[in-house]
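Note that the numbering runs from 1 along the sequence shown for the chain.
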Amino acid sequence: MVANQDVKATQAPVIETDNIAAVKASIVSSETTDAASLTHPLGPITGEEITRGADLIRSVWPEGTKLQFKVNTLQEPEKKLLVPWLAAERAGEKPAPLDRKSFIVYTFRGTHNVHEAVVNLTTGKVEFNAKLGPFQHPNSDMSELEEVEKAVLEIPEVKAEIEKLGLPEGAVVVMDPWIYGADGLKEGKFDDDKRIMQCNLYLRDPNNSSEVDSCHYSFPLPVSPVIDPATLELVHIDIMPTGHDETTKPFTYKERPANEYIPEANTMRTDLKPLQVVQPEGASFSVEPFSELGRTLKWQKWDFKVGFNQREGMVLYDVHYDNRPLFYRLSLSDMAIPYGDPRNPFHRKCAFDLGDVGAGLTANNLQLGCDCLGSIYYISSILGNAQGKPVDAPNVVCIHEQDSGLLWKHTNYRTNRAVVVRNRELVLQSILTVSNYEYILAFIFNQAGDITYEVRATGILSTQPLDLELTEVPHPFGTVVHPGVLGGYHQHFFSLRVDPMVGGHGNLIAYDEAEALPRDPKLNPHGHGYIVKNTTIDTTGGYDLDPSKNRTFKILNPSVKNTVNKLPVGYKVHVPPFQPILADKDSYHYKRAEFADRSFYVTKYAEGELFAGGKYTNQSHGGTGVRSWAERKEDLLKEQDPVLWVNFGINHIPRVEDFPVMPAEMLRVMLRPVNFFDKNPALDVPSSKQSFNRSTALNTEDELAKKVDGLAVTGSEMKGCCS
C-alpha cells in the first residue's frame, strides 16, 4: 500500500529526463520524414512517447507503485498557438517547434484511485497531475476487459447461479462485459459512484460447443453478475426478467435452435461473379508523412492532415480545398446507445462507445479485398496499453477512391449532345468492433467541394433472454428475433464535432428558413410566392431542424464575400432528422447523453471541450457535456469562433432480419459549399468517356438498336455522347 495514494495531488513534482533519440520515420511513397516532422504538434503520439510519458508518471510515485494506464494520447496544443503555426507551415515557413505533450489517465492497480496528468514530452516534466473526483471514472481498457471475462466465470456464487439453469452437459458459457451505466442507486454494498461492470452471460450452441465463433447471442442467459473491475470482486448478481414485466422467476434452459452467421454454417450462393475495382494507373491521391504516424492527403484540390487517437479514432485537421481554408478540425466526438427497457437491470443500459472504451482501441485491422476494395492505402497507428507500453494498431484507416454514380450531367435536347461527369470520391474509413456491434465510419470527399460523414451500423444485437413459450407473443420492450431471444428497442446517437474555418477563421453559424408570402393582389396574386429568411445565431444553444420551413444550418464567414453575389461564403449542413432521446429529462439517460436531444448545438470554442458527452462518460451523471456548455449562453458574434456539433441517429426497432447479424443501416451528414465558389467547382472534372472507363455492354448490337425519328441507330453509333 502506497502511503500517499489517497491524497489528492493538485500539482505533481517536476521530473526531468534526458532527450530520447527520435524514432525512425515510416516510409510513404518512397519519402521519409525528416527530424522536424517527428515533432509536429499534431502528429499522433509515438511508441517512444507513450513509453516515456508512462515512465515520467511512474517517477512521481514511490518505486514499485503499480499503475494501470487508461489513456496515453496526444495533448493537442492550444488553438491560439496552433492556428498561426499551421498558417506559417502552409506558407512554406519553418515555425518554431511547439512542445509535444501527452494526456494520461491512470489508476493505482486494484483501487478506484484515478488521476489525470499532462506530461510535457519536450521538457521532460509532468506539468499537471490530479486525482479525479466523484463520478469521474476512466474508460475500460482491453487488459481489464480480458481480466473481468476470465474472473467472472470462476466466482463461486456465479457458478452456483449458472448451475441452477440446468444447462446441457458440456455447455460453454460466454460473457460480454458491459459498462454499468447509472441509476443513482445506493443500496447496501452497492453504490453506483464506484466504477463497476455489468456482465451479460450467454451460451455457446450446445450442439456445437467447440465452435468458438458460434453466435452465442442466440442463447442469452438470465444471470448477470456485477463485478468491481479494479478488484475483480463480485458486487451482486442481477437476475433478469424473462417475461413481459419486471417479475423474475426460476429459469430452466430448454432446447432451441442455433442461428449462425459464419459462412460454414450456411449454404452459400453460387451465382455471384467477381466485381473487381481496378485502377491500371494507380490511385489519384498522394500521401505524405507530416510526422512519424500522421499523414497529409492530397486529392483533387483537397489537402488535409489525418491523425488517429485512442478515443476519437480518425481525426482530420487543417482541411483545405484549392488552397482555401475550410475546417480546422473534424472528428466523431461521441456516440450514445440508450436502451428502452425499463426493467432492472436493462434500465441502466446505455453505452458511450467512444468515451467508455474508445474508437481507437476498438478499431479493426482492415483487410485488403474485404473491408476496402480497389487501390488501397492503409494508415496504421500506435496506442498505449494498460502497462504504459506501445501497442501496434495496424491498418486502422483505409483510403481509396470509389465511383459514386454521376456528379453532374446535361443533355442538349436540340443537338442530343450529353456532357456527363461521374462522381469520383475519396474515402477514409475505419471500422470499430465494440463487443457485439460494428460501426463503419467514413469521411468521404468529392470533386465538387462536398464532405460527407457516413456511419453504417452493423454487427449483432445485444440480446436478452425470453421465456421460450413467449416467442410468438408480441413483447412490449423489443422484437423477438429468434426463439427465446429478445432484441431490445434502443436508440443510436452520434455527434460530429465541426470546428470550422470556412474562408478563414472568424465564422458565424446561421440558418435559412423558407417562408410562404401572404397573398397580395400585386406581388403575390396567385399565392405561389415564398422567400428565404436568414437568422444568425448570436448566442450558444441547442437548435433543431424544421422540415416544414426547410430550416438549413450554415457556417458563414462574414468577412469573405462571394465574387458573384457578394454574399458571405459558407458551407451548409445536410443532416437527417432523428427522433430525440425518449428517456425523460429527469432520467440518467437524458442527463448523460447531452447531445441526444437536439440536431445541433453551437458552442463557443473552449480548450478541452472535445467530447459531446463530457470527458468522462463511464457511469457519468451528466452536466459535463455539450448541452451544459451551450447553456452558458455565451456571445458568438464578438470572437466569431464557434464549434458546431451535428447530432444524428436512429431509433433501432429490431427486425428478425437483423439477426443473427444485422445488414448495415446507413446515416449520412453532408457539409456542402454554399456561395463559396464562383461557379460549379467540378466543371473542370473531365467528362466521362467510354475510352477512359472501359465498360462492357452485355447486350448484342441488335438488342441495342434504337429508333430515333424513324431511323435505326445502333448502340455503337449512340456512343458519340460519351465517347
Using a 4.5 Å cut-off on heavy atoms from C-beta on, say whether the side chain of His652 contacts that of Glu665.
no
How long is the straight-line distance from OH of Tyr616 back to CZ of Arg195, given to the nearest 0.5 Å?
12.0 Å
I'd like to know if the side chain of Trp178 pairs up with that of Ser435 as donor and acceptor (distance under 3.5 Å, no hydrogens or angles considered).
no
Quick one: does Thr471's side chain have a donor or acceptor within less than 3.5 Å of a partner on Gly484's backbone?
yes
When you compare the side chains of Glu76 and Tyr317, does any donor N or O come within less than 3.5 Å of an acceptor on the partner?
yes
Point-to-point distance, once rounded to the nearest 0.5 Å, from CG of Asp334 to CG of Leu496:
12.0 Å
Looking only at atom types and distance, does a side-chain atom of His482 sit under 3.5 Å from a main-chain N or O of Phe219, one as donor and one as acceptor?
no
Is the shortest heavy-atom distance from the side chain of Leu610 to the side chain of Arg329 under 4.5 Å?
yes
Rounding to 0.5 Å, atoms OG1 (Thr479) and CG (Leu486) come to a distance of 7.5 Å
Given side chains that start at C-beta, do those of Asp341 and Lys349 come closer than 4.5 Å, heavy atoms only?
no
Derivation of the salt bridge (Lys or Arg N to Asp or Glu O under 4.0 Å) call for Lys194 and Glu233:
CA-CA 13 Å; Lys194 183 172 73 171; Glu233 295 175 342; 5.9 Å; no
Would you kindly say whether Asp597 and Tyr590 are connected by a side-chain donor-acceptor distance under 3.5 Å?
yes
Polar contact flag, side-chain donor to acceptor under 3.5 angstrom, Asp228-His112
yes
Under 3.5 Å, is there a donor-acceptor pair linking the side chains of Asn365 and Gln367?
yes
Do the side chain of Ser224 and the main chain of Cys199 share a donor and acceptor less than 3.5 angstrom apart?
yes
Answer yes or no: is there a side-chain heavy-atom contact under 4.5 Å between Ser291 and Lys305?
no
Could you point out which residue of Lys70, Lys150, Arg109 forms a salt bridge (charged side-chain N to carboxylate O under 4.0 Å, His left out) with Glu144?
Lys70
Under 6.0 Å from the six-membered ring centre of Tyr588 and within 45° of its axis: does the NZ or CZ of Lys591 meet both?
yes
Can you tell me how far CG of Leu330 sits from CG of Leu644, rounded to the nearest 0.5 angstrom?
10.5 Å
Aromatic ring pairing Tyr339/His490, orientation class (parallel under 30°, perpendicular over 60°, tilted between):
parallel
Side chains of Leu221 and Pro465, heavy atoms from C-beta outward: is any pair under 4.5 Å?
no
Determine yes or no for a side-chain-to-main-chain donor-acceptor pair under 3.5 angstrom, with Ser430 supplying the side chain and Val396 the backbone.
yes
Would you call the rings of Tyr202 and Tyr217 parallel, tilted or perpendicular if under 30° counts as parallel and over 60° as perpendicular?
perpendicular
Close aromatic pair by centroid cut-off 6.0 Å: Phe346 and Phe477:
no
Does Pro394 offer a backbone N or O that forms a donor-acceptor pair with the side chain of Asp392 under 3.5 Å?
no
Distance from Leu232 atom CG to Leu234 atom CG, nearest 0.5 Å?
11.0 Å
Nearest atoms (heavy-atom pairs only) where Asn139 meets Gly355
CB-O, 3.4 Å
Looking at side-chain heavy atoms only, is the closest gap between Glu49 and Glu292 below 4.5 Å?
no
Spacing of Ile50 atom CD1 and Asn72 atom CG [to the nearest 0.5 Å]
5.5 Å
What's the shortest heavy-atom distance between Thr458 and Ala664, and which atoms?
CB-CA, 4.1 Å
Side chain to side chain contact (heavy atoms under 4.5 Å, CB included) between Ile162 and Lys159: does it pass, once the steps are laid out?
CA-CA 5 Å; Ile162 293 174; Lys159 286 184 173 181; 5.7 Å; no
Plane angle bin for Tyr106 and Phe108 - parallel if under 30°, tilted between 30 and 60°, otherwise perpendicular
perpendicular
Tightest non-hydrogen contact, residues Ser143 and Gln387, listed as OG-NE2, 4.0 Å
Donor-acceptor pair, distance only, cut-off 3.5 Å: does the side chain of Gln310 make one with the backbone of Gly358?
no
Okay, side chain of Ser102, backbone of Leu74: is any donor-acceptor separation there less than 3.5 Å?
no
Check: Ile440 main-chain N/O paired with Gln429 side-chain donor or acceptor under 3.5 Å
no
Taking the side chain as everything from C-beta on, heavy atoms only, tell me whether Ile399 gets closer than 4.5 Å to Ile379.
yes
Side chain to side chain contact (heavy atoms under 4.5 Å, CB included) between Leu316 and Phe443, intermediate numbers included
CA-CA 9 Å; Leu316 305 187; Phe443 284 102; 3.6 Å; yes
If I compare all heavy atoms of Ile460 with all of Cys215, which pair ends up nearest, and what's the gap?
CD1-SG, 4.2 Å
In terms of the angle between their ring planes, are Tyr437 and Tyr439 parallel, tilted or perpendicular, with boundaries placed at 30° and 60°?
parallel
Shortest non-hydrogen contact between Pro390 and Thr51, atoms and distance:
CD-OG1, 3.1 Å
Test log, rule side chain to side chain contact (heavy atoms under 4.5 Å, CB included), inputs Glu454 and Val427:
CA-CA 10 Å; Glu454 181 183 275; Val427 181; over 6 Å; no
Taking the side chain from Glu157 and the backbone from Ile237, do they hold a donor-acceptor pair closer than 3.5 Å?
no
Can you confirm whether Thr463 sits close enough to Phe659 that some side-chain heavy atom of one is under 4.5 Å from a side-chain heavy atom of the other?
yes
What closest approach, in Å, do Pro222 and Leu165 show between heavy atoms, and which atom pair accounts for it?
CG-CD2, 4.0 Å
For Phe494 and Tyr453: C-alpha separation, side-chain torsions, deciding distance, then whether ring pair (Phe, Tyr, Trp, His ring centres under 6.0 Å) applies.
CA-CA 11 Å; Phe494 306 87; Tyr453 189 74; 8.4 Å; no
Donor-acceptor pair, Arg592 side chain versus Gly613 backbone, under 3.5 Å?
no
Side chain to side chain contact (heavy atoms under 4.5 Å, CB included) between Asp238 and Gln198, worked out
CA-CA 9 Å; Asp238 283 321; Gln198 189 95 41; 3.0 Å; yes
Compute whether any side-chain donor of one residue and acceptor of the other, for Arg204 and Ser209, lie under 3.5 angstrom apart.
no
Is a salt bridge present between Arg497 and Glu312, judged by a nitrogen-to-oxygen distance below 4.0 Å?
no
